[in-house]
Trainee: 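Please see the structure below; I have some questions.
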Amino acid sequence: MIKDYFLNEIETAIEKAIKDNKLGEMKEYKRGTLSTERPKNADFGDFAINVSSLARYAKMAPPMIANTILEYINKDDNEYTVVAGFINFKTGKKILVNSVKEIFEKDKNYGKPENVKTEKILLEYISANPTGPFHIGHGRWAAMGSVLANLLKFYGHEVYQEFYINDAGSQINKLGNSLAIRIRQELGEDVDFPTDEIERKNYYPGDYLIPVAKKYLETHKGLPEDVKELSDFAKKEMEDLQKALLDNFRVHFDNFYSELSLHNSGKVEKCVQKLKDSGKIYQKDGADWFKSSDYGDDQDRVIKKADGSNTYLTADIAYHIDKLERGYDRLINIWGADHHGYVARVKASIEALGYDPNKLEVLLGQLVNLVINGNEVRMGKRKNMVTLEDLIDEVGVDATRFWMSMRNIDTTLDFDIELAKTNSDENPVFYVQYAHARACSILRNATEEKFNTETGEKTPAPLAKAELEELINNYTAETILPTLETAKKLILKLEEYKSMIKTSAETRQVYTICRYVQELAAEFHSFYNANRVISDDKEMMKARLALVIAVKKVLNNALDLLAVTAPERM
RNA sequence: GCGUGCGUAGCUCAGUUGGAUAGAGCGUUUGGCUACGAACCAAAAGGUCGGGGGUUCGAAUCCCUCCGCGCGUACCA
């Protein structure tokens, strides 16, 4: 990476200067003290390092320090200038030319970080109840989770994606009872869900169980004796529905882990026993409490209710222990911000059971607001519910994935349906895809002969297909020299892909990919408008075609991570 | 109340471990197609970085305090 190269040059120079006693009272330099930044004003250079912070050690004025350091640098064909305490760097031809070459050489692997520590990661996300269709909020975790998985894999980690099915507990009975009412309605009975608000909360009155009731009656005559049969039937239907939607949304899990199986395997009981053995359980008001406050939680938590049943937390503890026992270096969970209180208690349980709580990394995502006609529609529980499926039908998979991934996980996402639907410059997805389609179009035109419909004349293709193949397969660094000056900003943006991938993966912030891809598209559109690619000057044409190809490759790689399509035409 | 996240241009948001004149997109205004896709580009206007203190050479960024908004604060899942 250019910025790392630059930083290394500076740091090496500092070490040499110190050896020669040229940096005043400075006797040692610790690498990593300085860092590169992007100059606010591009006239200064491509990168800059501020050495002012060394002034207090060296007891020298910052400009003096900067100039001294410069004397120890092998500048090659790069340009270094000093302004106040800043050392500015302008990238020379050699580096620029080689960074394009790298794109051709590495191709699909361009941007994969080298010499980084990789881990075995279990990424858990969505983990919805199988009691209904996904709502719009699940879409955010689905998109972000799958992009993060792609990104972490590309980074070099081993990633296992898991969906925890909350298929135990009281909500499953509710589901069965709700289906019973729908079935009776299908059978012509005059029944309905309770209108009393509190009573109604024991049911799922959504329309989505109507087709399930119809389907049930295709193979059954009437209501079963045990409502559990209905619960199981509905649960299976909901799971199938969810899985089909995930598939369509390009989200692919390695495993769906059933909470019920956790109970049945005895792992939950075993966990509770272990907690008891460790003396971290006490009784109060007829319930068993876990002393989580000993591990940083703000209060203790019930682990077994007075009626003898487990809480949700109990199973979740067992689940996390199970994940750790499966041998992962790191557990990453994506949870909605409404679950943030859970982090402390789960970590507490992990620690109480003798595991390292730092292995668990919880990414808390703020929630999603739907914006329709400029008005926010609150995603309250079970009302105004817009399903993810409806949203995807409305705006498409590409736009939904992009919009759900494009914001920092810490900010509430406003999903503007109208905007996401437009095929215009207001829609970033379109802007980026258009750049890719445009690159493809140029490449097509470069090797196609033209036919003038009025004169009937044919003009030969500007470039033979074989020549284009040769350009791609035997790419030489010098190819882009003719257009180097006009393409510098574009090349630097292409080069930035590498550092973007690294920080995006390390900070788990996938929105940076969305931002990058918009920036790259902008640079490309700008380049396109300022430089004609297909022309009579063959060397110039090849140089610019090479850049078009490079842009196409990088856009492709980035869109692959987002699992958004890169269209050849639009 | 406590915990947590947010507050930056009219709107939606960036701002990479504290650094040069706080940046994009949309919207507004102006200009650019008889040339590779104008679904694009170029340019302008637009800011007390929620308010007030503090830390230091230097703060949107760190600390304190106040204000506003979201989320959580169950023997629900």
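Lettering of chains follows the sequences in order, A, B, ..., and the numbering in each one begins at 1. Remember, predicted model here, so these are calculated numbers, not experimental data. All heavy atoms count here, side chains included; hydrogens, waters and symmetry mates do not.
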Trainee: For A/G32, which contact category applies under a 4.0 Å heavy-atom criterion: base, sugar-phosphate, or nothing?
Mentor: base

Trainee: Can you tell me how far P of B/A74 sits from CG of A/D316, to the nearest Å?
Mentor: 18 Å

Trainee: Roughly, in whole Å, what's the span from CZ in A/R345 to P in B/G72?
Mentor: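 Those two atoms, CZ and P, are 13 Å apart.
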
Trainee: Apply side chain to side chain contact (heavy atoms under 4.5 Å, CB included) to A/D316 and list each qualifying residue two or more places apart in sequence or on a separate chain.
Mentor: A/Y164, A/Y312, A/Y319, A/H320, A/W335, A/Y342, A/V346

Trainee: Report the nucleotide, chosen from B/C41, B/G37, B/G19, that has the shortest atom-to-atom distance to any side-chain atom of A/M570.
Mentor: B/G37

Trainee: May I have the distance from A/D300 (atom CG) to B/A74 (atom P), rounded to whole angstrom?
Mentor: 14 Å

Trainee: Categorize A/A435 for me: base, sugar-phosphate, or nothing, with a 4.0 angstrom heavy-atom threshold over every strand shown.
Mentor: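 No contact.
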
Trainee: Checking all strands, does A/D285 fall into the base, sugar-phosphate, or nothing category for heavy-atom contacts under 4.0 angstrom?
Mentor: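 Since a base atom lies under 4.0 Å of A/D285, the category is base.
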
Trainee: Look at the side chain of A/Y342 against the base of B/A77 and say whether a donor-acceptor pair falls under 3.5 Å; ignore hydrogens and angles.
Mentor: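 Flag set: donor-acceptor pair detected.
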
Trainee: How about CE on A/M540, more than 12 heavy atoms from neighbouring residues, nucleotides or ligands closer than 6.0 Å, or not?
Mentor: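 For A/M540, atom CE is crowded (more than 12 foreign heavy atoms under 6.0 Å).
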
Trainee: Could you state the atom-to-atom distance from OH of A/Y431 to P of B/U12 in whole Å?
Mentor: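 Answer to the nearest Å: 22 Å.
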
Trainee: With a 4.0 Å cutoff (strictly under), does any side-chain N or O of A/R438 reach OP1 or OP2 of B/A38?
Mentor: yes

Trainee: Between A/T411 and B/G5, is there a contact of a side-chain N or O with OP1 or OP2 at under 4.0 Å?
Mentor: no

Trainee: Once rounded to the nearest 0.5 Å, what's the spacing between atom CD1 of A/I69 and atom CD1 of A/I87?
Mentor: 4.5 Å

Trainee: Applying salt bridge (Lys or Arg N to Asp or Glu O under 4.0 Å), which residue pairs with at least one partner in residues 400-410 of chain A are found, sequence neighbours left out?
Mentor: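 Listed once each, the pairs would be none.
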
Trainee: Under 4.0 Å from OP1 or OP2 of B/A77: is there any side-chain N or O of A/Y164 that close?
Mentor: no

Trainee: Got a sec, which pairs hit salt bridge (Lys or Arg N to Asp or Glu O under 4.0 Å) with one end in residues 429-448 of chain A, sequence neighbours left out?
Mentor: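 Every pair satisfying salt bridge (Lys or Arg N to Asp or Glu O under 4.0 Å) with a residue in residues 429-448 of chain A: there are none.
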
Trainee: Can you confirm whether more than 12 heavy atoms, excluding those of A/Y57, are under 6.0 Å from its OH atom?
Mentor: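 It does not: A/Y57 OH has 12 such atoms or fewer within range.
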
Trainee: Between atom CD in A/E496 and atom C1' in B/A14, what is the gap in whole Å?
Mentor: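 Interatomic distance, CD of A/E496 to C1' of B/A14: 13 Å.
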
Trainee: Check every strand shown and say whether A/R569 touches a base, only sugar-phosphate, or nothing at a heavy-atom separation below 4.0 Å.
Mentor: base

Trainee: Sugar-phosphate atoms are those with a prime plus P, OP1 and OP2; base atoms are the rest. Using that split, label each nucleotide of nucleotides 28-36 of chain B B, S or - for protein heavy atoms under 4.0 Å, 5' to 3'.
Mentor: ----B--BB

Trainee: Which pairs with one or both residues in residues 288-304 of chain A pass salt bridge (Lys or Arg N to Asp or Glu O under 4.0 Å), sequence neighbours excluded?
Mentor: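 Pairs touching residues 288-304 of chain A that pass the test: A/E269-A/K304, A/K276-A/D288, A/K280-A/D294, A/K291-A/D294, A/D297-A/R301, A/D298-A/R301.
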
Trainee: What parts of residues 507-524 of chain A reach RNA chain B, counting only heavy atoms under 4.0 Å away?
Mentor: A/Y511, A/R515

Trainee: Between atom CG in A/N369 and atom C1' in B/U12, what is the gap in whole Å?
Mentor: 13 Å

Trainee: Quantified in whole Å, what is the C1' atom distance between nucleotide B/G70 and nucleotide B/A9?
Mentor: 23 Å

Trainee: For atom C1', what is the distance between B/U4 and B/C41, given to the nearest Å?
Mentor: 44 Å

